[in-house]
Undergrad: 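I'd like to ask you about the structure that follows.
Proteins come first, then strands; the chains are lettered A, B, ... in the order of their sequence lines, and each starts at number 1.
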Protein chains: 2
Amino acid sequence: MILSDFLKTIVPFPQEEITGIVSHFKKETIKKNQNLVKEGQICNKLYFVEKGIGRSFYLKEDGKEVTQWFFIESKMMSSVESFFQQVPSLYYLQMLEDSVVHSIKRDDIDFLFAKYHNMEKFGRLLSTEMLTRVVNKLNALQFQTARERYDYMLTEFPDLSTRVPLGYIASYLGMSQETLSRIRRYDTNKQ
Amino acid sequence: MILSDFLKTIVPFPQEEITGIVSHFKKETIKKNQNLVKEGQICNKLYFVEKGIGRSFYLKEDGKEVTQWFFIESKMMSSVESFFQQVPSLYYLQMLEDSVVHSIKRDDIDFLFAKYHNMEKFGRLLSTEMLTRVVNKLNALQFQTARERYDYMLTEFPDLSTRVPLGYIASYLGMSQETLSRIRRYDTNKQ
DNA sequence: TATTTCTTTTGATCTATGTCAAAAACTAAA
DNA sequence: TTTAGTTTTTGACATAGATCAAAAGAAATA
């Protein structure tokens with residue numbers, strides 16, 4: 001889905017506003033495994049993923065990566081708290097495939113928020129939608145077993161398992177790669 | 001803190017907007033342990049906690065309660081996804097002390113969002129702030145030990161442990177009451 | 001202040017999941 | 001198609017934290 005269509009699915013912008021908004025985005029082509037943001041940097045862009053798939057991940061002291069979120073096609077992507085509070089990011093943002101994204105700078109989106117009431121609404125709806133998703137994951141982590149968390153993942157990101165390494169999904173779900181592998185084996189034996 | 005002051009800490013509303021907004025809120029006095037919302041109901045109010053403390057909790061099939069969030073003084077409180085998506089709430093909303101809250105209905109807040117650009121901004125900022133908090137908890141649950149999760153809680157809700165039962169906090173942190181008790185003992189022995 | 005009720009702590013197991021290491025199964029390059 | 005590199009699976013063992021049960025401590029009520 002292209003950016004302008006995505007915008008319209010959230011708020012029914014009039015065409016001239018769409019044009020004004022889209023003109024502040026910049027198309028970027030990203031190679032597989034390239035980082036958009038590194039830990040410690042202030043993330044000053046919000047991205048729309050047109051093609052490809054991204055993730056945010058945290059690097060633990062022992063060098064292990066913990067995936068925090070996946071960003072699939074037709075979704076916005078950012079290091080949320082870094083972008084909105086302008087503090088150093090705790091996470092890396094990385095594209096996992098050759099990708100096409102559209103980025104907008106913090107200043108530009110603030111300008112648009114102030115200029116268009118509709119844009120402010122867009123920001124609000126986007127935030128609450130993301131909040132709902134994060135709360136769903138929170139529940140999975142807080143009181144579900146590893147098996148149940150895997151089921152949660154299948155509903156939130158159905159086609160993920162064929163596109164990204166197993167270990168990325170395992171850490172996203174707060175379990176080891178070995179455990180996820182065993183769950184999956186059990187699952188396929190069942191059918 | 002009273003409601004109008006709280007609103008101003010988020011967005012610098014002009015006084016006439018404050019008046020217009022506050023007039024849509026209704027003051028409610030709630031007794032200890034009273035529920036504002038039950039599981040299965042659509043939560044059609046957003047609350048501002050003026051005095052007291054609330055929580056949202058999930059009831060598992062085995063009858064155990066799992067606290068999802070705490071709402072302290074000068075914070076907004078709701079069953080977020082039920083209120084914003086108008087779907088049945090998965091949670092109970094409960095006040096844990098005799099409390100004073102101010103509530104606004106979904107229709108009224110939508111009216112205010114549409115009427116005041118500032119109000120839309122307020123909604124957006126509130127959402128992103130909540131999103132940031134939820135992400136912090138997510139990280140604690142995803143890759144921290146029980147001890148570290150307890151530390152997270154102390155920063156997020158410093159004076160909570162003296163005000164609510166231990167079991168509520170333990171389930172909020174995704175651990176058993178016994179584990180939290182042992183962590184706390186170890187902690188006090190350290191100082 | 002006694003009595004009852006609720007909450008927290010402690011002790012003794014148990015278990016889901018982690019860790020480590022090696023084998024197997026893929027993928028990509030030569 | 002071989003070779004080298006990467007990812008996934010499997011096995012053996014370790015452990016953080018769960019569960020169950022009972023004791024101790026607080027708080028509420030008579």
Undergrad: For B:E17, is there an ion pair with B:K121 - N to carboxylate O distance below 4.0 angstrom?
TA: no
Undergrad: Measure CG/B:L180 against P/D:dA16 and give the value in whole Å, please.
TA: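 My rounded result for the distance is 17 Å.
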Undergrad: Without decimals, in angstroms, what is the distance between A:D62 CG and C:dG18 P?
TA: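 About 14 Å, once rounded to whole Å.
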Undergrad: Closer than 4.0 Å, any side-chain N/O of A:S176 to the OP1 or OP2 of C:dG18?
TA: yes
Undergrad: 5'-most contact on DNA chain D: B:R149 or B:K32, nearest heavy atom basis?
TA: B:R149
Undergrad: Count the heavy atoms belonging to other residues, nucleotides or ligands that lie under 6.0 Å from NZ of A:K8, then report whether that count exceeds 12.
TA: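 Yes, NZ of A:K8 has more than 12 neighbouring heavy atoms, counting only those of other groups under 6.0 Å.
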Undergrad: For residues B:T132 and A:Q85, is any side-chain donor paired with an opposing acceptor at under 3.5 Å?
TA: yes
Undergrad: Given D:dT8, D:dG11, D:dG17, identify the nucleotide with an atom nearest to the side chain of B:T179.
TA: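 Selected nucleotide (nearest to the side chain): D:dG17.
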Undergrad: From the set C:dT9, D:dG17, D:dT19, return the single nucleotide nearest to any side-chain atom of B:R182.
TA: D:dT19
Undergrad: Given C:dT8, D:dT8, D:dG17, identify the nucleotide with an atom nearest to the side chain of A:L166.
TA: D:dT8
Undergrad: Mind calculating the distance between CD1 (A:I169) and C1' (D:dT7) to the nearest angstrom?
TA: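 Nearest whole value for this atom pair: 13 Å.
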Undergrad: Got a sec, which residues hit ring-ring contact (aromatic ring centres under 6.0 Å, His included) with B:F48, two or more places apart in sequence or on another chain?
TA: B:F6
Undergrad: Identify which nucleotide among C:dT10, D:dT19, D:dA18 has an atom closest to any side-chain atom of B:M175, counting heavy atoms from C-beta outward.
TA: D:dA18
Undergrad: Report the nucleotide, chosen from D:dG17, D:dT9, C:dT8, that has the shortest atom-to-atom distance to any side-chain atom of A:R184.
TA: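 For A:R184, the side-chain atoms sit closest to D:dT9.
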Undergrad: Rounded to the Å, how far apart are B:Q177 CD and D:dA18 C1'?
TA: 13 Å
Undergrad: Over its full length, what angle do the end axes of the helix from C:dT1-D:dA30 to C:dA30-D:dT1 make, each axis taken from five pairs and the result rounded to 10 degrees?
TA: 50°
Undergrad: What's the CD-C1' distance between A:Q144 and C:dT17, to the nearest Å?
TA: 16 Å
Undergrad: To the nearest Å, give me how far apart CZ (B:R185) and P (D:dA24) are.
TA: 15 Å
Undergrad: Just checking, B:K137 and B:Y172: is the charged tip under 6.0 Å from the six-membered ring centre and within 45° of the axis?
TA: yes
Undergrad: Grab the CD1-C1' distance between B:I183 and D:dG17 for me, whole Å please.
TA: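 Those two atoms, CD1 and C1', are 9 Å apart.
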Undergrad: In whole Å, I'd like the distance from the CZ atom of B:R163 to the C1' atom of D:dA27.
TA: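 Result: 19 Å.
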Undergrad: Consider only side-chain N and O atoms of B:R149 and B:Q144, and report whether a donor and an acceptor are under 3.5 Å apart.
TA: no
Undergrad: Nearest to the side chain of B:S181, which nucleotide is it out of D:dT8, C:dT17, C:dT9?
TA: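 Of the candidates, C:dT9 comes closest.
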Undergrad: Under a 3.5 Å threshold, yes or no: a donor from one side chain and an acceptor from the other, between A:S89 and A:Q41?
TA: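 Per modelled atom types, A:S89 and A:Q41 side chains form no pair under 3.5 Å.
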Undergrad: Answer yes or no for B:R55 and B:Y168: cation-pi contact, defined as NZ/CZ to six-membered ring centre under 6.0 Å and angle to ring axis within 45°.
TA: yes
Undergrad: Dump the pairs, protein N or O against N or O of nucleotides 21-25 of chain C, anything under 3.5 Å, distances to one decimal.
TA:
none

Undergrad: If we count only N and O atoms by modelled type, under 3.5 Å, do the side chains of B:H102 and B:E50 hold a donor and an acceptor together?
TA: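 On atom types as modelled, these side chains qualify, holding a pair under 3.5 Å.
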Undergrad: For atom NZ of B:K32, decide whether the heavy atoms of other residues, nucleotides or ligands shown that lie under 6.0 angstrom number more than 12.
TA: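 At most 12 heavy atoms, drawn from other residues, nucleotides or ligands, come within 6.0 Å of this atom.
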